[in-house]
Amino acid sequence: MDPSLDTWDFSSPLISLWINRFYIYLGFAFGISLWICFQIVIRKQLFIFKGKNSKDKSVPKATRDLMTNGYISLQKKDILVSGVKIFYGSQTGTAKGFAASLAEAVTSLGLPVAVINLQEYDPDDHLVEEVTSKNVCAFVVATYTDGRPTESAEWFCKWLEEASSDFRFGKTYLKGMRYAVFGLGNSAYANHFNKVGKNVDKWLWMLGAHRVMARGEGDCDVVKSKHGSIEADFRVWKTKFISRLQALRKGERKPCGGNCKKGQCESSAEEEPFESTSEEESGTEDHQNLNSVVDVEDLGKIMNCVKKEKREKEHQEEKSILVRNAVKGEASERRAMITPALREALTKQGYQLIGSHSGVKLCRWTKSMLRGRGGCYKHTFYGIESHRCMETTPSLACANKCVFCWRHHTNPVGTEWRWKMDQPEMILKEAIENHQSMIKQFKGVPGVREDRFEEGMMVKHCALSLVGEPIMYPEINRFLKLLHECKISSFLVTNAQFPVEIRNLKPVTQLYVSVDASTKDSLKKIDRPLFKDFWQRFLNSLKALAAKQQRTVYRLTLVKAWNVDELQAYAELVSLGNPDFIEVKFKIDGEWWTWIDYNRFQELVQEYEDSGGLTNFSAKDYVAKTPLWALFGASERGFDPKDTRYQRKNKSKDISGC
């Protein structure tokens, strides 16, 4: 026997472990694998538990207990439609009856419903609330005489029209609001058929609201009604509305027509601005498929579309001939400043046009002060009563094409008067009448103060700053004289391109000059003047302003990245024109006197006229002490304490007169 083997004792535990080491390694590896698998399973279960727990936090405890015990198994759902608001504008009661019928149908779905008379509704305060309310708003509106809204819906439509074209509201003001429209009309009046329904639909869309279904149109003419009567037209639309409402509650989108590319469903595309009715859509579709195989039954519809298109083409040709003839007839005489296209554009923006070159419009601060919600900055600075201020112009034309023009360059341009001219007496008379007519529309409007309404009917101030260049009007001095004879103060704004006219201008209550830039290059870029010698005209206008003895104001327009860095050049222009309200001259004995004594001004201007211009007067002769609330640092922050500060619910800043 090998003596070396005698030294090994195979019964030793260490020797046994060494001999069986491979089995031990295998056991360790297997154990570690089991531990890893166990940890993975535990973490997965924990993740699932946390996910369920986070969902359960939004569920009431009692409900969680029931779910744990297995009594119910309901998944929490978001509320997609919280209710329906039905607005109606009715004259004879038909629209009101339809609104009640629609409310009954909505109630059967178990949804809250409110029926609202538009006459008692203030859109300025409440319409924006529908952006986040999750309501669906239905508008049942009738078209009255000459395509106008009914008396009950007149204020709502007026507000909606102006808001839709007012850049201060913007295209997203009502983004998030959902709506549908049913209009009532009579196709016997073809030019105005369902005009109000179409307009409400269009204006809501322009403000960013979402149309949930095609507009419905009811026709009182049983012969031409799509379904035999206006009641039947409404029933069909009501059925579609209820069906659409049910789909919205389930979170369903508009049904896809099957003509979409993958991932690009047409139902999610942007809405068309002027959506046709469902009947018009079907007619269009038939006409588009003219080249495809059609049934004999559909030929009637197709031929009707072809005939309609032919008639429209002939009508357009006739209009073109009439326009050409009209142009030839007017070639030998001065033409009107307001062309048909310009009239249409300005009317849509809320202007009341006068004669052939003038206009008047209601300022939003006039509306605000009628309701006791404060006036514009001129009330704080100069004591103007905004609800008694008429914003007008005797000339829609201008000699500039400013880059910041908020009139969207719809007004004509020119360097001299080359149009027909209306008499100042007619312009002032119609301006006051139109202004009063617009004020009358506020009678009975929610929130309008009766005392302010009565005062608003008596014009006390005239802001000649509406649009264009008022000083271009050849009879501007006669117009100003007529204003003062009517005890109406005058606030005239000019763009500093007519120095001779400024020099010859008779006294005005306050003369403004728009100083849009302080160097020749920046003025050319910003104002884009038509005159070749625009810079010299600009400087001469400021010099002419310095010679004026009545109140003068520089109105600076500062545009970021355009003219805000020219401070030294602005200071030189201030020295040149020496205006009263850049370098303020009316701090008397340590007190501010920025307001205007309007009665005293009328007395002084009368003395001026009676003396043939020999008895002149200065700005200091008709100053008035500034009230404490209008001073810088006052707790009222420039807001008249007689009014109530109003803040829009979706805005972070107030819209007071400051």
### Query
Do Glu130 and Ser133 have a side chain donor and acceptor closer than 3.5 Å?
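Side-chain D/A pair, Glu130 to Ser133: present.
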### Under 3.5 Å side-chain donor-acceptor pair for Asp201 and Tyr179
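A pair is found: one side chain offers a donor N or O, the other an acceptor, under 3.5 Å apart.
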### Task
Begin from the C-alpha positions of Arg235 and Glu231 and carry the test side chain to side chain contact (heavy atoms under 4.5 Å, CB included) through to its verdict.
CA-CA 6 Å; Arg235 282 196 297 271; Glu231 290 79 11; 3.9 Å; yes
Does any part of the side chain of [Y], heavy atoms only, come nearer than 4.5 Å to the side chain of [X], both counted from C-beta?
| X | Y | answer |
| --- | --- | --- |
| Leu127 | Leu207 | no |
| Pro627 | Trp595 | yes |
| Ile427 | His357 | yes |
| Arg452 | Asp643 | yes |
| Trp237 | Phe98 | no |
| Asp219 | Phe193 | yes |

### Query
Between Arg373 and Asp124, does a side chain to side chain contact (heavy atoms under 4.5 Å, CB included) hold up when you go through it step by step?
CA-CA 12 Å; Arg373 293 180 173 179; Asp124 202 28; 3.9 Å; yes
[X]/[Y] aromatic ring centres below 6.0 Å:
| X | Y | value |
| --- | --- | --- |
| Trp629 | Phe639 | no |
| Trp159 | Phe169 | yes |
| Phe234 | Phe182 | yes |

### Task
Under the salt bridge (charged side-chain N to carboxylate O under 4.0 Å, His left out) rule, what do Arg449 and Asp451 come out as? Steps first, then yes or no, please.
CA-CA 6 Å; Arg449 289 170 46 172; Asp451 59 330; 3.2 Å; yes
Other residues, nucleotides, ligands: >12 heavy atoms within 6.0 Å of [X] [atom1]:
| X | atom1 | result |
| --- | --- | --- |
| Glu433 | CD | yes |
| Leu628 | CG | no |
| Lys460 | NZ | yes |
| Tyr189 | OH | no |
| Glu104 | CD | no |

### Query
Looking at Ser164 and Met206, what are the two nearest heavy atoms and their distance?
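Taking every non-hydrogen atom into account, O-CE, 3.7 Å.
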### Message
I need the minimum non-hydrogen distance between Ser187 and Asp221, along with the two atoms involved.
### Response
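Minimum heavy-atom separation between Ser187 and Asp221: OG-CB, 3.6 Å.
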Check: [Y] main-chain N/O paired with [X] side-chain donor or acceptor under 3.5 Å:
| X | Y | value |
| --- | --- | --- |
| Thr172 | Gly208 | no |
| Thr393 | Leu466 | no |
| Thr392 | Gly359 | yes |
| Ser386 | Cys376 | yes |

### Task
Begin from the C-alpha positions of Ile384 and Tyr598 and carry the test side chain to side chain contact (heavy atoms under 4.5 Å, CB included) through to its verdict.
CA-CA 9 Å; Ile384 277 185; Tyr598 294 101; 3.2 Å; yes
### Query
Should the ring pair Phe442 and Trp155 be called parallel, tilted or perpendicular, given that the plane angle runs from 0 to 90° and is split at 30 and 60?
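Geometry flag for Trp155 against Phe442: tilted rings.
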